[in-house]
S.K.: 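Sending over a structure as structure tokens; questions will come in a sec.
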Amino acid sequence: MTGPAQARSLDEILSSGTIRVGVNPTLPPLGLYDEQNRITGFDVDFSQAIADMLGVELEIVQVGSPDRIPFVSTGKIDMVMGAMTRTPERAKIIDFTIPVHTEVFGVLTTEDKDFTDWRELDSADVTMVQVRGTTPVQFIAENLPNAEVLLLDNYPDVIRAIAQGRGDAMLDVVDFVGEHMNKHDVAWKVVETPVDVYYCSLGVAKNSANLKDWLNVAIFELHRDGVVDDLWMKWFERPMLTDVDMSPWF
């Protein structure tokens with residue numbers, strides 16, 4: 001990829017009056033289509049807050065998981081959202097800002113279960129309820145081989161099954177099932193020890209230091225002013241499971 005030379009600088013973005021942001025509309029509630037077939041969601045609202053701070057217009061560009069990194073590395077977009085988890089491999093190609101939000105890969109169960117660690121689910125007495133064909137199914141096979149697994153077709157059915165007592169727990173990115181949890185009058189519990197906590201940032205092109213530096217300051221302010229938490233509650237209907245620990249030193 002030869003994209004870094006094509007990336008727009010902060011001055012060029014300001015001069016153009018527009019910032020182009022990649023959003024994946026297939027990751028609700030981070031990104032989704034509204035009734036008018038417009039892309040909306042947490043990522044759009046957060047991007048609008050960034051654009052407002054810059055004093056420019058926001059242009060949303062639809063991206064998917066395979067093309068989001070090529071789009072930002074080749075300058076087709078100025079930054080990308082959509083659950084952009086920081087990894088060493090990705091950081092070889094693009095740069096990352098300080099985290100915008102976290103995602104908890106952990107266990108959702110109910111308060112009547114006494115699990116405190118995800119490893120306690122490795123028992124023949126435990127029934128995991130999972131969405132057929134998703135990554136956690138393979139993780140369970142490799143790491144919780146003794147657990148029973150009930151496979152269903154979608155997340156609403158999985159949450160309903162746990163609420164009805166037809167299974168004990170679900171292992172997945174728990175943040176994204178809040179809207180389904182809210183439909184059941186159940187005392188939900190997220191097991192204390194997660195499998196992992198992912199830190200999701202804005203992705204920008206390599207060598208875009210002045211843009212990345214400005215974004216870091218902006219993201220810090222949006223955290224400190226409570227904007228991130230407010231937007232998270234608006235779209236996820238529950239607080240972020242693991243806060244981003246703010247540091248004035250980034």
Side-chain angles (χ1 to χ4, degrees), residues 1-25 27 30-31 39 41-103 196-232 235 240 242-250:
M1 296 181 183
T2 59
Q6 304 171 35
R8 297 199 299 171
S9 68
L10 177 61
D11 288 342
E12 289 171 327
I13 292 170
L14 291 170
S15 297
S16 74
T18 302
I19 186 168
R20 302 186 302 251
V21 182
V23 173
N24 186 344
L27 296 174
L30 292 177
I39 300 176
F42 173 88
D43 286 355
V44 174
D45 282 0
F46 184 86
S47 299
Q48 186 63 62
I50 292 291
D52 291 344
M53 294 176 77
L54 272 174
V56 299
E57 296 295 319
L58 173 64
E59 178 185 344
I60 294 297
V61 178
Q62 179 181 340
V63 298
S65 295
D67 57 24
R68 56 186 175 171
I69 291 178
F71 270 36
V72 76
S73 66
T74 57
K76 291 183 178 180
I77 53 179
D78 301 306
M79 68 183 201
V80 65
M81 298 194 70
M84 281 301 300
T85 306
R86 301 178 306 184
T87 68
E89 286 302 309
R90 289 175 177 170
K92 294 176 183 177
I93 304 170
I94 62 173
D95 283 344
F96 290 92
T97 64
I98 61 176
V100 174
H101 63 85
T102 62
E103 295 175 3
D196 204 351
V197 176
Y198 306 133
Y199 289 85
C200 299
S201 305
L202 303 182
V204 297
K206 286 288 187 184
N207 303 322
S208 60
N210 58 353
L211 174 60
K212 184 177 71 172
D213 289 347
W214 182 87
L215 287 170
N216 282 339
V217 176
I219 294 168
F220 176 82
E221 292 300 325
L222 291 171
H223 276 296
R224 185 166 68 166
D225 293 343
V227 174
V228 176
D229 288 340
D230 289 345
L231 292 178
W232 196 265
W235 288 103
M240 201 177 300
T242 298
D243 292 332
V244 175
D245 292 329
M246 289 185 358
S247 165
W249 300 103
F250 297 153

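Quick note: residue numbers are just sequence positions, from 1.
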S.K.: Quick one: CZ on Arg20 to CD on Glu57, what's the gap to the nearest 0.5 Å?
M.R.: 14.5 Å
S.K.: Walk me through whether Leu10 and Leu54 qualify under side-chain contact (heavy atoms from CB on, under 4.5 Å).
M.R.: CA-CA 9 Å; Leu10 177 61; Leu54 272 174; 3.7 Å; yes
S.K.: To the nearest 0.5 Å, what is the distance between CZ (Arg8) and CD1 (Ile77)?
M.R.: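 Separation between the atoms: 11.5 Å.
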S.K.: Hey, are the side chains of Val204 and Ile94 touching, using non-hydrogen atoms and a 4.5 Å cut-off?
M.R.: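 Not in contact.
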S.K.: Is any side-chain heavy atom of Ile19 closer than 4.5 Å to one of Glu59?
M.R.: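 They are not in contact (no side-chain heavy atoms under 4.5 Å apart), so the answer is no.
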S.K.: Between Arg86 and Gly203, is there a donor-acceptor pair closer than 3.5 Å when you use the side chain of the first and the backbone of the second?
M.R.: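 Checked: no pair found.
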S.K.: After noting the C-alpha distance and the side-chain angles of Leu202 and Phe46, does the key distance pass the side-chain contact (heavy atoms from CB on, under 4.5 Å) rule?
M.R.: CA-CA 11 Å; Leu202 303 182; Phe46 184 86; 4.2 Å; yes
S.K.: Distance-only, no hydrogens or angles: does the His223 side chain make a donor-acceptor pair with backbone N or O of Val228 under 3.5 Å?
M.R.: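 No, the answer is negative, given that no donor and acceptor are paired below the 3.5 Å cut-off.
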S.K.: Does the side chain of Val72 reach to within under 4.5 Å of the side chain of Lys76, using non-hydrogen atoms?
M.R.: no
S.K.: When you look at Val21 and Leu58, which way does the side-chain contact (heavy atoms from CB on, under 4.5 Å) test go after all the steps?
M.R.: CA-CA 7 Å; Val21 182; Leu58 173 64; 3.6 Å; yes
S.K.: Say you draw a straight line from NZ of Lys92 to CD1 of Ile69; how long is it, rounded to the nearest 0.5 Å?
M.R.: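 Rounded to the nearest 0.5 Å, the NZ-CD1 separation comes to 12.5 Å.
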S.K.: Between Asp225 (side chain) and Leu222 (backbone), is there a donor-acceptor pair under 3.5 Å?
M.R.: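 Judged by distance alone, no pair lies under 3.5 Å.
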S.K.: Could you walk me through whether Gln48 and Asp52 pass the side-chain contact (heavy atoms from CB on, under 4.5 Å) test, one step at a time?
M.R.: CA-CA 6 Å; Gln48 186 63 62; Asp52 291 344; 2.9 Å; yes
S.K.: Please check: side-chain N/O of Lys206 versus main-chain N/O of Ala91, any donor-acceptor pairing under 3.5 Å?
M.R.: yes
S.K.: Minimum heavy-atom separation for Met84 to Phe96, with atom names?
M.R.: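 Closest approach of Met84 to Phe96: CE-CE2, 3.8 Å.
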S.K.: Using modelled atom types only, decide if a donor and an acceptor are shared between the side chain of Asp43 and the backbone of Gly82 within a distance under 3.5 Å.
M.R.: yes
S.K.: Any side-chain heavy atom of Met53 within less than 4.5 Å of one from Glu221?
M.R.: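 The answer is yes, as the side chains (C-beta and beyond) meet within the 4.5 Å cut-off.
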S.K.: How far apart are the closest heavy atoms of Ser201 and Pro99, and which atoms are they?
M.R.: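 Nearest heavy atoms, Ser201 then Pro99: OG-CA, 3.5 Å.
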S.K.: Measure centre to centre between the rings of Phe42 and His101, then say whether the value is under 6.0 Å.
M.R.: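 Here the rings of His101 and Phe42 have centres that are less than 6.0 Å from each other.
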S.K.: Using every non-hydrogen atom in the two residues, find where Gln62 and Ile39 come nearest and quote the distance to one decimal.
M.R.: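 Between these two residues, the closest heavy atoms are CB-CD1, 3.9 Å.
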S.K.: Do any N or O atoms from the side chain of Asn216 and from the backbone of Ile98 form a donor-acceptor pair under 3.5 angstrom?
M.R.: yes
S.K.: Looking only at heavy atoms, what is the nearest atom pair of Ser47 and Ile60, with distance?
M.R.: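 So the minimum-distance heavy-atom pair works out to CB-CD1, 4.5 Å.
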S.K.: Between Ala83 and Glu103, what is the shortest heavy-atom contact and its length?
M.R.: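 For Ala83 versus Glu103, the nearest heavy atoms are CB-OE2, 3.1 Å.
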S.K.: Do Leu30 and Asn24 make a side-chain contact, defined as non-hydrogen atoms from C-beta onward lying under 4.5 Å apart?
M.R.: no
S.K.: Donor-acceptor pair, Arg90 side chain versus Thr85 backbone, under 3.5 Å?
M.R.: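 Checked: pair present.
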S.K.: For a quick test of reading the model, state the closest non-hydrogen atom pair linking Thr18 to Asp78 and the distance between them.
M.R.: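 For Thr18 versus Asp78, the nearest heavy atoms are O-OD2, 4.3 Å.
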S.K.: Taking Ser208 for the side chain and Leu211 for the main chain, is one N or O donor matched with an acceptor at less than 3.5 Å?
M.R.: no
S.K.: For Thr102 and Thr242, indicate whether the former's side chain and the latter's backbone hold a donor-acceptor pair under 3.5 Å.
M.R.: yes
